[in-house]
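A short worksheet on the structure shown next.
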Amino acid sequence: MRINWSPRPRAALTAFSEGGSTSALRLVSLLGLLAVAGCEPTKDDCVFGCGNGSGDDGTTETGTTDTDDPETGEPPDTSDSGGEEDGSFDEPGDTVAYEDEDGEVFLDLGDASGDESNKDQEFLYVVVNKGESALGYQLSYITSESAEGPPPPAVSARPSLSPERADLRDAIRAGRIGPATPPPPSDFTDADIGKEETEFRVRSSKEEEDEFELVDATLWAVGDTVNIWVDNDWPIDWDYDCDGVPDQPDARGANGFDNCDLSVIADAIDANIYPTLSATFGDVPDVNEDGKVTVVITPVLNAMTAFVEDEEDIGTLVRSYVDPETDLNDYDISGNPLSDEQEIIYVFAPDANGFANPAARTTVEAYTQMELLAEVARGYVWLMSYKYKVIDGGGDPEDAWVLEGLSAMGADLTGFGAVYYDDVWDYLDAPNLTALVNTDDSEVINTQQWGAQFLFFRWMYENAGGIISSESETPGAELMAQLIQSTAAGTENVEATTGWDMSKLVVGWQVALATSGRTLSSGDPLVDTTEWPPYSDATTITAPIESPTSGDLYGANGYQTGINVSGTNVFMEGGTTDSPTENETRRVITSGADFSTLVTGIDYYGYVEGGYGAQVVRLADIPYETATLRIDADGSDYAGVVVRLEDPTDVNYSVENIFSSTDPSSLELPALPSDGSPIYGYGEIQPPGATYVVTAEDQTAAEVVDTDRWLLDLSDRTVGEEVNVAIHLTRRYTDASGSEGPSDIWLAVVEEDAVPRPSTASSSQSCGEPDVIEWQFPSTVLDYLYYQLFLSGTSFGSSTGDEGAEGEGEGEGEGEGEGEGEGEGEGEGAAFAACGTKTGETLSCAVDWDRDEVPDADEPQPKTFLEQLDTLACALVDNDEDGYQPYDPESVFDLDETDSDDESYYDRARNLGGRAVSEGEEAFYFGTLTGGEQYVLVVGAGSDEGAYELQVRQVD
């Protein structure tokens, strides 16, 4: 199937999206005939894949078409793949789109000209799961081909409602609860500030819709379009003339939060948020006819997540909520008991000390200069949507995922979108774990992350001219208004408004994320941007710092709007001054969508959430001259694109090729670039191997767990040079059902000579005395050498008690923790003695194999990798307890191994760490190594098995 994304009249677009696969085929065939007739759309008009790809000069090249074969007069044979595929590969930047047939696709990676080998090429595989359920799949390289078939239809899902919300909606539809008809509101002025009080009903539970607190609040700011109230349970200083000196400081300590902050907020809403969003989206409802929106600041929202059961929820915050279905309808003691009968936005309070929520603190500066304005902008969009969808249109409220995406756009367009940058980083870190069409959480109160939704609607906003074929000077605003004012909701709204099938939009969007920052050798973008519209670079706002007029982006001078998908994103403060400053702790650096890698010899399984989740995979280490990518999925209903990358000049990865867990060889990593470019290692913790422990009496089979060794050679660096490295180990899926890789994986970095290095030549019985025990590493070993030579799969922890005990007990020293073998604490009992006790005399080699004056029977038997390091360290100083320095776990092991939580380490400001699967921890190491030395990276996983990926790079 040829997938052509060129603009066409709206009627044709709608037919395309409604007609499904058959209509698409007919339309594409028609376009093929038009191309033959000389009516092919021009490059300037083309959007999302009109041609085959971009060559080195950035021009669009012509790929295969659906026209007849010139020699036979017959239609071309397209039976070279299972599923549908579009185009072929000839140059870097070429793209081939595909859709599945019953879960299976065979995609030809071969060079169309036939003069290049796939062995020298790499590709980027992008998959989008159109179905509701998660999709597991396997990728592999083969040489065979398969027949095509029609793609299955896409699935459209709508969110479910809670019983309370369903009852309220039914009551509104039945007319039992009507639109709010409150008494005439008061006309507040500045004279009422600090004096006027009233009560609000504020939701106090995420889960229970009928739980609320009756909050008494004081009016602290009055604008032309907004009144701002603060919960009386929260401190705020009163500065009468805003001279910087509070006239009535709050005795509870307000940390600088005062009425003047809120006066500036009101000015920013009047000059910036209200007119900007009205011009972009439409009108705000006004059921109480006061011409204003009410903002209520209350710590009730902060406290909702102060106590959470799931560790993943620690630090989450209900930042704001808007519930027009409740507040814009009549108060009813049984049917609608929480209604405040007005347009109202509830916002969390600035909690610098953590009084309301110790895990979610916010400085007053960040709150008043960015976060509060972002939440107000978000609330305005929610209110606007409800007006058009429900009050005017008589339909249902918009789906939360659309509302949150459009609300993020509202914050961004007014200059306050930086509050979403953390969400963006987290989404790009593992896009396969997040649904775009999120129907699991349709409630008005949630702590979901909405980075995917912000990115999706931002991309559509920037490329609206092509998507909706608009000739408007502001096509983005036109699209936003149509989405808000449409009576449709969810995916139906997006498809009806744009005229495009949802899956095609999402594939185009994902290509923009996956290829962001990637270029050809010419410096041009990797893919033809007329086919695959990219993101624009973010821009910096210039706005007046005083006396703003309506439409000025007041409050956001020097702030960022837009998103750098591959670059630096800044969180600014001081937007009403001429010298705004960056809050560097909130900086976010991104590098497009993260990817995993398919290499030969290690099974690759992917897993993608439903609801248009997506995953990106680098296709490398192709073993065939002409290869086919085989995609076998545990389900169907997926589509995507494969992009040919620029041919690599140097191989930047190594693949494990060691079969036996008893083989102590190290795998050499590529040379580490000094410019920060990453190198990779792809390995797999295999099932245990075996050896035999021999004694004078018998020999006993013993299990040897698999550990991997990677050699990082810095001998090419200046001797003594400090080399800061960041090493990130991520786990992979082990099957198409989404089973995740080794949960107890760990990483250690040590000097090469500090790790036991047995060999078949040096580790064997060489004693010529009678009655010696014969042995030969690795098939047979002496009892104590089993513990000293074969690396342990346990990082550090208890070695007392039963043989192989894995660190149970009260945490002490390295952290608290019970559990198996992750070294998160030292168990109770005698400390491990790493040094053997010397006899002071030379012993026979029959009883002292290594002739170190420590009898074999008294040699240390380390049970953990850390104990093995200490044992060798002591042996290297002739078992002198005073002469050796025990290793500190924090200097050896990854941060995830030594900390006390179960969350993967990450640093958004430096674009480090993150996760690849949903549960457990990855392994992240940061340390300073020394030029001229060689280091071994040891990977262990206890008794677990599975594949993993290493990324190593030098950092500042």
Under the criterion ring-ring contact (aromatic ring centres under 6.0 Å, His included), which of F832, F893, Y887 is the partner of F796?
-> F893
What class does the angle between the rings of W710 and Y948 fall in, given that below 30° is parallel, 30 to 60° is tilted and above 60° is perpendicular?
-> perpendicular
Given V655, which of L667, T600, D621 fulfils the side-chain contact (heavy atoms from CB on, under 4.5 Å) condition?
-> D621
Pick out which of L929, L714, V723 makes a side-chain contact (heavy atoms from CB on, under 4.5 Å) with Q954.
-> V723
Decide, yes or no, whether a salt bridge links D603 with R732 under the criterion of side-chain N to carboxylate O below 4.0 Å.
-> no
Between R908 and D426, is there a side-chain N and carboxylate O pair less than 4.0 Å apart?
-> yes
Identify which one of N879, D852, D878 satisfies the side-chain hydrogen bond (donor to acceptor under 3.5 Å, both in side chains) criterion when paired with K838.
-> D878
Which pairs, with at least one residue in residues 853-938 and sequence neighbours excluded, count as a disulfide bond (SG atoms under 2.5 Å apart)?
-> C835-C874
In short, disulfide bond (SG atoms under 2.5 Å apart) pairs touching residues 691-742 with sequence neighbours left out are none
Name all pairs fulfilling the side-chain hydrogen bond (donor to acceptor under 3.5 Å, both in side chains) condition that reach into residues 667-681, sequence neighbours left out, sorted by first residue then second.
-> D675-S677
Given D894 and I727, is the side-chain contact (heavy atoms from CB on, under 4.5 Å) satisfied, shown in steps?
-> CA-CA 9 Å; D894 64 271; I727 307 173; over 6 Å; no
Output every pair passing ring-ring contact (aromatic ring centres under 6.0 Å, His included) with a member in residues 838-868, not counting sequence neighbours, ordered by first then second residue.
-> W746-F865, W775-W849
Are side-chain N/O atoms of Y653 and T597 paired as donor and acceptor at under 3.5 Å?
-> no
Where do D429 and Y906 land on the side-chain contact (heavy atoms from CB on, under 4.5 Å) test, with the steps shown first?
-> CA-CA 10 Å; D429 179 49; Y906 61 87; over 6 Å; no
What residues, two or more places apart in sequence or in another chain, satisfy side chain to side chain contact (heavy atoms under 4.5 Å, CB included) together with A726?
-> L912, F924, F926, V955
Are Y925 and Y905 near enough that their ring centres are under 6.0 Å apart?
-> no
Might you work through the side-chain contact (heavy atoms from CB on, under 4.5 Å) test for Y784 and D858, ending with a clear yes or no?
-> CA-CA 9 Å; Y784 81 91; D858 296 334; over 6 Å; no
Would you please test V936 and R757 for side-chain contact (heavy atoms from CB on, under 4.5 Å) and show each step?
-> CA-CA 11 Å; V936 174; R757 290 183 294 170; over 6 Å; no
Report the residues that fulfil side-chain hydrogen bond (donor to acceptor under 3.5 Å, both in side chains) with D706, sequence neighbours left out, ordered by chain and then residue number.
-> none
